[in-house]
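Each chain gets a letter, A, B and so on, in the order the sequences are listed, and its residues count up from 1.
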Amino acid sequence: MAKDILKDLNPTQQDAVKHIDGPMLILAGAGSGKTKTITTRLAYLISLGIDPSSILTLTFTNKAAKEMKHRAYSLIDDITIPPLLCTFHKFGLIFLKFHIQKLGRKNNFMIVDTDDKKRILRSLEKELEIPMVASMISKFKNSFTSVEDAMILNDTNSKEVANVYEAYENYLHKNNLVDFDDLLFLPYKLLMQDDKLCEETSKKYNYIMVDEYQDTNELQFKLLQKLCHSHQNISVVGDDDQSIYEWRGATIKNILNFDKEFKDVKIVKLEHNYRSTHEILKYANTLIEHNQDRLGKKLIGTKEQGEKPKVYESFNETLETQKIIRDINALLDNGEELNDMAILYRVNAISRQLEDGLTKASINYKLIGGKRFYERAEIKDLIAYFRTIAEPNDNFSFKRIINQPKRGIGKTTVDKIEGLSKTKNISMFETISQVSSDEMTALIGKKNYRTLKLFEASIYEIQDILKNSKMLFIDHFDDMFEFKQSFKKLFDGEDRIANIDEFYGLLRDYLIKDEKNDIASFLNIISLSSDKEDLDGGAISLMSIHSSKGLEYKHIFVVGLEEGFFPLLNADIQEERRLGYVAFTRAKSSLTVSFVQNRFYKGKRSNLTKSRFLVESGLLKGGFKMKKISSFAKGDAVKHNLFGLGTIEMVKPAGSLYKLKINFGGNKREIMSSFVTKL
DNA sequence: GGGTGGCGTGTTTTT
DNA sequence: CACGCCACCC
Ligand SMILES: Nc1ncnc2c1ncn2[C@@H]1O[C@H](COP(=O)(O)OP(=O)(O)OP(=O)(O)O)[C@@H](O)[C@H]1O
């Protein structure tokens with residue numbers, strides 16, 4: 001049976017799969033079967049009788065984790081004991097659920113997302129720029145800088161930022177919250193300070209694999225080191241050309257130093273591409289060759305020649321969308337399926353026009369990323385409600401919903417309750433339930449106190465209902481708090497109510513699935529999943545290039561190839577180019593790229609020029625772009641040492657130079673640009 | 001003291 | 001355009 005698993009692999013891949021003990025680095029280009037190799041290796045280890053629960057497979061994004069899970073499970077016969085295959089953050093979450101008590105915290109902590117984090121920071125700091133502070137704090141955590149260390153730094157504002165950092169950490173601690181960085185940092189801290197735990201954990205996960213290793217940052221690397229404390233069985237796969245998360249601290253150093261950090265590393269290079277046609281590969285490879293900082297690698301196509309990728313130029317985004325829809329319909333007429341198509345873009349905001357167009361054309365689509373389901377305000381409200389019901393002392397959730405739907409409890413009242421709860425050292429909910437009616441009335445007034453007491457009673461009541469019947473809970477909940485109704489009068493109320501119903505549906509399905517399932521476990525499960533499960537039925541996928549990494553589609557459309565959008569303004573050009581490489585190499589058999597002359601963005605329409613990547617990849621020939629680079633253009637007067645004066649009639653790129661067709665007084669000659677001087 | 005509307009600003013990308 | 005914040009009005 002082990003033979004079966006291996007049969008679709010080439011010898012190098014098989015060799016990598018069969019490597020069992022000791023560190024291994026697989027370094028290979030797009031579509032070379034890295035993920036296939038690692039998922040097969042997972043199945044192979046299990047087929048040898050290795051305990052699945054001792055194998056840990058990690059990657060960075062949810063999407064990639066899901067894809068791997070899908071692929072790996074199809075190779076494993078008996079999935080009764082599933083191996084742990086998840087994102088780094090999810091692993092951190094699971095680890096903390098078991099061990100956060102060792103840091104003196106309860107394990108029903110809640111994860112704050114980026115929005116929550118900014119809200120908290122804003123409440124703690126009025127002067128400094130919040131996004132700056134948020135990213136500084138993130139940097140601190142990712143570089144193991146404690147509050148004390150931050151205090152003695154000497155950068156601008158460092159003292160102020162360190163103070164906010166301290167206040168923020170205290171706030172998280174008091175309210176039993178963790179942020180995304182904590183999900184990596186706290187496990188590391190625990191493993192760092194507790195040798196026994198480190199040893200146990202490392203022994204538990206005796207085989208470790210990491211996909212998309214080029215996306216790991218320093219903290220993730222250190223965490224991996226800890227997990228390898230008592231063994232060296234770590235296999236990582238990556239591609240320096242697909243490193244697209246440097247902006248959040250991912251460092252290629254992790255790949256470069258891998259064979260120094262671990263002993264006797266087996267290095268495997270996969271050099272055949274099994275995904276894309278030669279045509280697609282050619283342009284992707286040509287594009288990425290413009291990057292200077294590369295390890296460099298071969299990538300040989302194995303598929304058919306294929307068609308040259310199409311390039312569309314449109315006047316604006318409406319016309320761009322029309323062209324793409326026309327192509328989609330043509331593909332459908334040829335029997336192709338929507339599930340095999342995807343539209344990619346650099347910036348999520350660009351999806352709007354596409355959505356409108358697809359809707360009008362009655363083409364099903366699924367939007368991936370962007371404003372995520374579980375990050376929508378109404379969904380976060382519901383989660384906060386459920387958390388309050390499960391744990392009324394969760395101040396953070398309590399504060400979110402105490403006036404949602406509006407019941408007349410404004411900021412001032414909330415602040416007063418919070419102040420009192422702090423002096424009494426009890427939760428806000430306990431403040432309402434325990435503090436004497438006289439004291440409370442004096443503080444916040446009779447009417448507000450009554451409202452809060454009613455709210456308290458409702459919480460008890462719904463807790464009771466939940467105890468008796470999980471199924472009745474949802475209906476009663478919504479009636480009792482008039483939650484859905486509160487969105488009715490909003491201008492986008494319908495959408496929000498649809499989201500709410502969907503969330504109720506998800507919860508209901510989850511509760512039905514297993515007798516043991518309850519609200520608390522539901523909250524745990526969704527706490528890191530960003531998008532809901534795919535609906536079945538055919539739909540074209542719309543997503544950012546970042547989310548597309550690790551995926552593949554038969555037909556790929558990349559839109560928005562304009563200077564300023566892609567490559568994005570002020571972004572690191574090499575990373576942008578890698579994004580281009582990722583985008584192009586998602587395609588199996590057809591690739592279509594598109595740019596517009598003007599686009600509506602952030603409230604205004606601006607004129608755009610086509611992306612340099614179109615020329616760099618060879619998809620388009622120079623044109624006006626060349627003028628800038630070469631400073632040679634049609635009509636320019638030039639001088640040649642032998643032929644004398646002439647006029648340029650045509651400019652063609654030739655390697656790093658240009659071939660010029662020059663008219664020397666009636667004699668036309670082709671001359672390399674380095675042999676003439678412009679006048 | 002709370003709620004609503006007007007105004008200003010601008011996240012690239014993910015967890 | 002679209003969201004979030006503040007100020008002003010109820
Ligand atoms: N030896 C092989 N023979 C045939 N097909 C293969 C082989 N190896 C991989 N493939 C196929 O090639 C495609 C790309 O593989 P995979 O997604 O594992 O590549 P990857 O290196 O992870 O790509 P990327 O880095 O771009 O995500 C998949 O459809 C896979 O099934």
Side-chain angles (χ1 to χ4, degrees), chain A residues 58-65 86-93 111-119 122-123 126 129-132 134-135 138 141-142 178-185 212 215-217 219-220 243-250 317 344-353 356 368-372 374-377 403-416 443-445 447-448 451 489-492 527-531 543-550 560 564-572 575-576 578-579 582-583 599-605:
Chain A
L58 297 171
T59 188
F60 175 57
T61 62
N62 284 314
K63 242 290 73 47
C86 61
T87 63
F88 275 92
H89 288 84
K90 183 88 180 186
F91 172 74
L93 171 67
I111 300 168
V112 296
D113 64 22
T114 315
D115 269 4
D116 297 329
K117 178 176 175 180
K118 290 196 178 144
R119 221 191 313 269
R122 208 166 284 126
S123 76
K126 303 279 173 245
E129 300 263 337
I130 296 305
M132 184 275 288
S135 80
S138 190
K141 290 191 185 182
N142 279 289
V178 299
D179 65 16
F180 283 134
D181 299 317
D182 287 335
L183 290 175
L184 303 175
F185 178 63
E212 311 286 10
D215 294 333
T216 52
N217 65 18
L219 179 53
Q220 285 162 329
S243 162
I244 55 175
Y245 288 101
E246 255 167 36
W247 54 272
R248 61 163 284 287
E317 69 276 11
L344 310 181
Y345 34 77
R346 177 63 177 85
V347 184
N348 281 315
I350 285 189
S351 72
R352 185 154 227 104
Q353 184 66 42
D356 287 353
I368 294 156
K371 46 204 158 126
R372 269 168 273 262
Y374 293 114
E375 277 168 21
R376 308 188 109 98
N403 200 32
Q404 181 65 274
K406 306 250 183 299
R407 44 175 82 81
I409 307 298
K411 191 172 177 307
T412 320
T413 309
V414 172
D415 284 349
K416 282 180 182 165
L443 185 69
I444 58 174
K447 185 166 143 283
N448 284 340
T451 310
K489 52 183 186 301
L490 264 65
F491 66 101
D492 60 348
S527 55
L528 269 189
S529 53
S530 48
D531 41 42
M543 69 187 100
S544 69
I545 298 169
H546 281 89
S547 330
S548 77
K549 190 143 64 95
F565 277 99
F566 191 23
L568 196 83
L569 197 65
N570 299 332
D572 170 15
E575 183 147 319
E576 295 298 300
R578 292 191 290 266
L579 275 164
V582 170
R599 191 180 284 284
F600 198 70
Y601 183 63
K602 281 190 186 167
K604 63 172 193 286
R605 183 164 289 285

Practice task
Please state the C1' separation for the pair C:dC5 and B:dT12 - nearest whole angstrom.
Solution key: 24 Å

Practice task
Sticking with atom C1', work out how far B:dT15 lies from B:dT11, rounded to a whole angstrom.
Solution key: 15 Å

Practice task
Under the ring pair (Phe, Tyr, Trp, His ring centres under 6.0 Å) rule, collect the residues that match up with A:F91, sequence neighbours excluded.
Solution key: A:Y205

Fill in the blank from the handout: Sequence neighbours excluded, the answer for ring pair (Phe, Tyr, Trp, His ring centres under 6.0 Å) partners of A:F566 is A:F613

Handout entry: A:R119 and A:D116 ion-paired at < 4.0 Å
Key = yes

Exercise for the section: Inspect the contact between A:R346 and A:E576 and indicate whether a charged nitrogen and a carboxylate oxygen are less than 4.0 angstrom apart. Expected result: yes

Can you tell me how far [atom2] of [N] sits from [atom1] of [X], to the nearest Å?
X	N	atom1	atom2	answer
A:I244	B:dT14	CD1	P	9 Å
A:E246	B:dT13	CD	C1'	13 Å
A:L568	B:dT13	CG	P	9 Å
A:I350	C:dC1	CD1	C1'	14 Å
A:I368	B:dT13	CD1	P	15 Å
A:K416	B:dG1	NZ	C1'	8 Å
A:N348	C:dC1	CG	C1'	16 Å
A:F566	B:dT13	CZ	C1'	11 Å

Practice task
Could you tell me whether A:F88 contacts a base, only the sugar-phosphate backbone, or nothing, with contacts defined as non-hydrogen atoms closer than 4.0 Å?
Solution key: nothing

Practice task
For A:Y245, report the nucleic acid contact type (base, sugar-phosphate, nothing); a contact means any heavy atom under 4.0 Å.
Solution key: sugar-phosphate

Handout entry: Centroid under 5.5 Å and tilt under 30°, A:W247 to B:dT12
Key = no

Check nucleotides 6-11 of chain B against the protein and report each pair of N or O atoms closer than 3.5 Å, with its distance, or say if there are none.
residue : atom : partner : partner atom : Å
B:dT11  : OP2  : A:K602  : NZ           : 3.4

Exercise for the section: Heavy atoms only: give me the nearest A:N403-A:G408 pair and the separation to one decimal. Expected result: OD1-N, 3.1 Å

Practice task
For A:F565 and for A:L183, locate the closest nucleotide of DNA chain B by heavy-atom distance; then report the residue assigned to the nucleotide nearer the 5' terminus.
Solution key: A:F565

Practice task
Any chance you could measure A:N62, atom CG, to A:I368, atom CD1, to the nearest 0.5 Å?
Solution key: 12.0 Å

Problem - Rounded distance (nearest 0.5 Å) linking atom NE2 of A:H546 with atom CZ of A:F60 - result: 9.0 Å

Handout entry: Nucleotide of C:dA2, B:dT14, B:dT13 approaching A:V347 most closely (side-chain heavy atoms)
Key = B:dT13

Handout entry: Phosphate contact (B:dT14 OP1 or OP2) by A:S544 side-chain N/O below 4.0 Å
Key = yes

Exercise for the section: For B:dT12, take OP1 and OP2 only and decide whether either is under 4.0 Å from a side-chain N or O of A:R248. Expected result: no

Problem - Expected output: side-chain A:S548 to main-chain A:I545 donor-acceptor under 3.5 Å - result: yes

Handout entry: A:N448: partners by side chain to side chain contact (heavy atoms under 4.5 Å, CB included), with sequence neighbours left out
Key = A:I409, A:T413, A:I444

Is there any protein nitrogen or oxygen under 3.5 Å from a nitrogen or oxygen in nucleotides 2-4 of chain B, and what are the pairs?
residue : atom : partner : partner atom : Å
B:dG2   : OP1  : A:G410  : N            : 3.1
B:dG2   : OP1  : A:T413  : N            : 3.3
B:dG2   : OP1  : A:T413  : OG1          : 2.2
B:dG2   : OP2  : A:T412  : N            : 3.3
B:dG2   : OP2  : A:T412  : OG1          : 2.8
B:dG2   : O5'  : A:G410  : N            : 3.4
B:dG3   : OP1  : A:N403  : ND2          : 3.3
B:dG3   : OP1  : A:G408  : N            : 3.4

Problem - Sequence-distant partners of A:S544, side-chain hydrogen bond (donor to acceptor under 3.5 Å, both in side chains), two or more places apart - result: A:S547

